Amino acid sequence: MARKPNAILPFREKADDRRRLTGEDGPFAPQVSKTKEGLFSMVVCRAITWDTDFARRSKQVFDSYEDLERERTKHKALHPKDAEQESYFCKKNAYGGTAFGRKFENAKEYWDSAIDLEEEWRELTSREKRCAFTECVNFFRPPGDRAGRFKELGPLAAYLLACDVAYAGLCCYPSLGEVAQAVYDNDAGALKGLRYLGLVGSAGERRNRQTIPAIEAGLQEVMKFVIEGYSEKEREEMGFDIICVEHLLCKLSRNHRLLTAA
DNA sequence: CTCATTGTTGAGGCGTGTCG
DNA sequence: CGACACGCCTCAACAATGAG
């Protein structure tokens, strides 16, 4: 279990590399989170280096694309054997499915975008009243913008990044409805988990408008189960919240084999 | 038999084309 | 604009085979 914390642990905030990322030297720390450097670094970590040895070992905030590139060169010298593999820096299947265009060099465009978007980003994260969760998702991946602001940062990655931003206190937590919408849009692991539990209908009902409320009801059911099963103190210790529910459901289908084999 | 190596397979996120 | 189908062609999991 401890071998692959990101892939298996349902409580995402407890994974050790994740805690590093949200720490004082990470891109979500208050002194950098609203800057272009912070924005660049958080996109890089989600869209490129997630779940890699590079992310675990290197510094977390980069001042430019060149800075990131220098860090890569450093690691190639420091860990010649490990860093030989491109997957040391970028895992194409970090979120399950293989994203074929996911690659280290995308960071170059990310840096340009971070410069262009810095003002908008600062405004979005500096409001007296925190912006809505969905608005944050839309910042990273505007609906209808097919090329996307950040290449290879798809709907799933944009959702996850917005969750990170919510944890950092820079936007609102998602409502149950917003998570349901994301689960619907992504049509990924969480929906499988809900089907596995029998809380939503079969695959044939996918993309049917009827299923968004069904997804919401399913999520509610899972929330209820955990709230009834664990005391507030236990939930507190687990870091349980609405975001966990989605994350937990993703783990469910992936770990199904492991769970039943035990 | 055990352990190591090679071979096979299918799940799956993202981008694009198309349609309404 | 959103919804959907499809292709990309990788990587982990598992199976088969080989070596000791």
Side-chain angles (χ1 to χ4, degrees), chain A residues 1-9 12 15 42-56 82-110 113 134-135 137-164 177-196 200-215 243 246-262:
Chain A
M1 192 140 166
R3 270 177 299 162
K4 299 180 218 156
N6 275 324
I8 294 180
L9 285 178
R12 65 208 291 273
M42 59 183 80
V43 171
V44 164
C45 90
R46 268 299 177 186
I48 297 177
T49 63
W50 191 256
D51 197 28
T52 62
D53 284 333
F54 179 76
R56 281 183 273 271
D82 297 353
E84 206 175 288
Q85 302 284 332
E86 196 48 39
S87 60
Y88 179 90
F89 301 98
C90 176
K91 275 181 79 166
K92 290 181 192 295
N93 63 336
Y95 302 124
T98 308
F100 302 103
R102 186 182 175 97
K103 56 180 193 285
F104 190 89
E105 285 70 24
N106 289 341
K108 205 178 174 77
E109 290 173 41
Y110 296 167
S113 299
T134 299
E135 196 175 353
V137 175
N138 291 346
F139 169 84
F140 291 115
R141 202 167 193 288
D145 182 0
R146 310 208 63 167
R149 294 179 149 182
F150 300 99
K151 216 169 127 197
E152 293 294 325
L153 189 84
L156 178 61
Y159 164 80
L160 293 169
L161 185 45
C163 289
D164 298 338
E178 284 175 312
V179 176
Q181 181 69 47
V183 168
Y184 172 81
D185 289 341
N186 297 340
D187 191 35
L191 203 50
K192 279 204 184 114
L194 283 172
R195 287 196 192 109
Y196 174 67
V200 298
S202 63
E205 290 173 41
R206 174 184 181 251
R207 296 300 186 191
N208 182 331
R209 279 184 188 284
Q210 301 283 342
T211 63
I212 295 182
I215 291 168
I243 292 171
E246 190 275 348
H247 197 243
L248 192 147
L249 287 166
C250 290
K251 304 301 145 194
L252 198 57
S253 56
R254 187 186 293 185
N255 294 346
H256 174 222
R257 222 178 296 113
L258 292 171
L259 293 170
T260 50

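Scope of the values below: all heavy atoms of this structure, side chains included, with no hydrogens, waters or symmetry mates. Remember, predicted model here, so these are calculated numbers, not experimental data. Every chain is numbered from 1 and lettered A, B, ... according to where its sequence line falls, protein lines coming before strand lines.
- To the nearest 0.5 Å, atoms CG (A:Asn106) and CD1 (A:Ile48) are separated by 5.5 Å.
- One distance of note links CD of A:Gln85 with CG of A:Asp53; it measures 11.0 Å at 0.5 Å rounding.
- Ring pair A:Phe54/A:Phe89 is tilted by interplanar angle, where 30° to 60° counts as tilted.
- If you check C:dG2, C:dT10, B:dC14 against the side chain of A:Ala157, the one that comes closest is B:dC14.
- Going from atom CZ of A:Phe150 over to atom CE of A:Met42 covers 10.0 Å, rounded to the nearest 0.5 Å.
- Summarising the geometry, the separation between CG on A:Asp185 and P on B:dC14 is reported as 12 Å, rounded to the nearest angstrom.
- For the pair A:Tyr184 and C:dA3, the criterion of a side-chain N or O lying under 4.0 Å from OP1 or OP2 is met.
- Within the structure, the salt bridge (charged side-chain N to carboxylate O under 4.0 Å, His left out) test picks out the following pairs touching residues 91-102 of chain A (sequence neighbours left out): A:Asp51-A:Lys91.
- Once rounded to the nearest 0.5 Å, the distance linking OH of A:Tyr159 with CG of A:Asp164 reads 10.5 Å.
- For A:Tyr95, taking side-chain heavy atoms from C-beta onward, the closest of the listed nucleotides B:dG13, C:dT10, C:dG2 is B:dG13.
- To the nearest angstrom, C1' of B:dG13 lies 15 Å from NZ of A:Lys151.
- If you measure from atom CD of A:Glu152 to atom P of C:dT10, you get 14 Å, rounded to the nearest angstrom.
- Summarising the geometry, the separation between CZ on A:Phe89 and P on C:dC11 is reported as 15 Å, rounded to the nearest angstrom.
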Quick test: give all pairs of protein nitrogen or oxygen and nucleotides 18-20 of chain B nitrogen or oxygen below 3.5 Å, distance rounded to 0.1 Å.
residue, atom, partner, partner atom, Å
B:dT18, O4, A:Arg146, NH1, 2.8

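- One can place CG of A:Asn93 at 18 Å from P of B:dG10, the figure rounded to the nearest angstrom.
- When each of A:Gly97 and A:Leu153 is assigned the nucleotide of DNA chain B bearing its nearest heavy atom, the one mapping closer to the 5' terminus is A:Gly97.
- If you take CG on A:Leu249 and CG on A:Leu191, they are separated by 9.5 Å, rounding to the nearest 0.5 Å.
- Applying the Watson-Crick and G-U wobble criteria (two distances, each under 3.5 Å), C:dC9 pairs with nothing in any strand.
- Listed nucleotides: C:dT10, C:dG2, B:dG15. Nearest to the side chain of A:Arg141: B:dG15.
- Taking every side-chain heavy atom of A:Lys91 into account, C:dA12 is the closest of B:dG15, B:dG13, C:dA12.
- Here A:Phe140 contributes atom CZ and A:Glu135 contributes atom CD; the two are 12.0 Å apart, rounded to the nearest 0.5 Å.
- Within residues 102-109 of chain A, no residue has any heavy atom under 4.0 Å from DNA chain B.
- Partner of A:Lys103 under the side chain to side chain contact (heavy atoms under 4.5 Å, CB included) criterion, chosen from A:Lys151, A:Glu86, A:Glu152: A:Lys151.
- The distance from atom CG of A:Asn186 to atom P of C:dG2 is 14 Å, rounded to the nearest whole Å.
- Note on A:Gly101: nothing from the nucleic acid sits closer than 4.0 angstrom, heavy atoms only.
- Look at CZ on A:Phe140: it is 14 Å from P on B:dC14, rounded to the nearest Å.
- Following rounding to the nearest Å, A:Glu246 (CD) and B:dG13 (P) show an atom-to-atom distance of 11 Å.
- You'll find the side chain of A:Arg141 stays beyond 4.5 Å of the side chain of A:Leu153, heavy atoms only.
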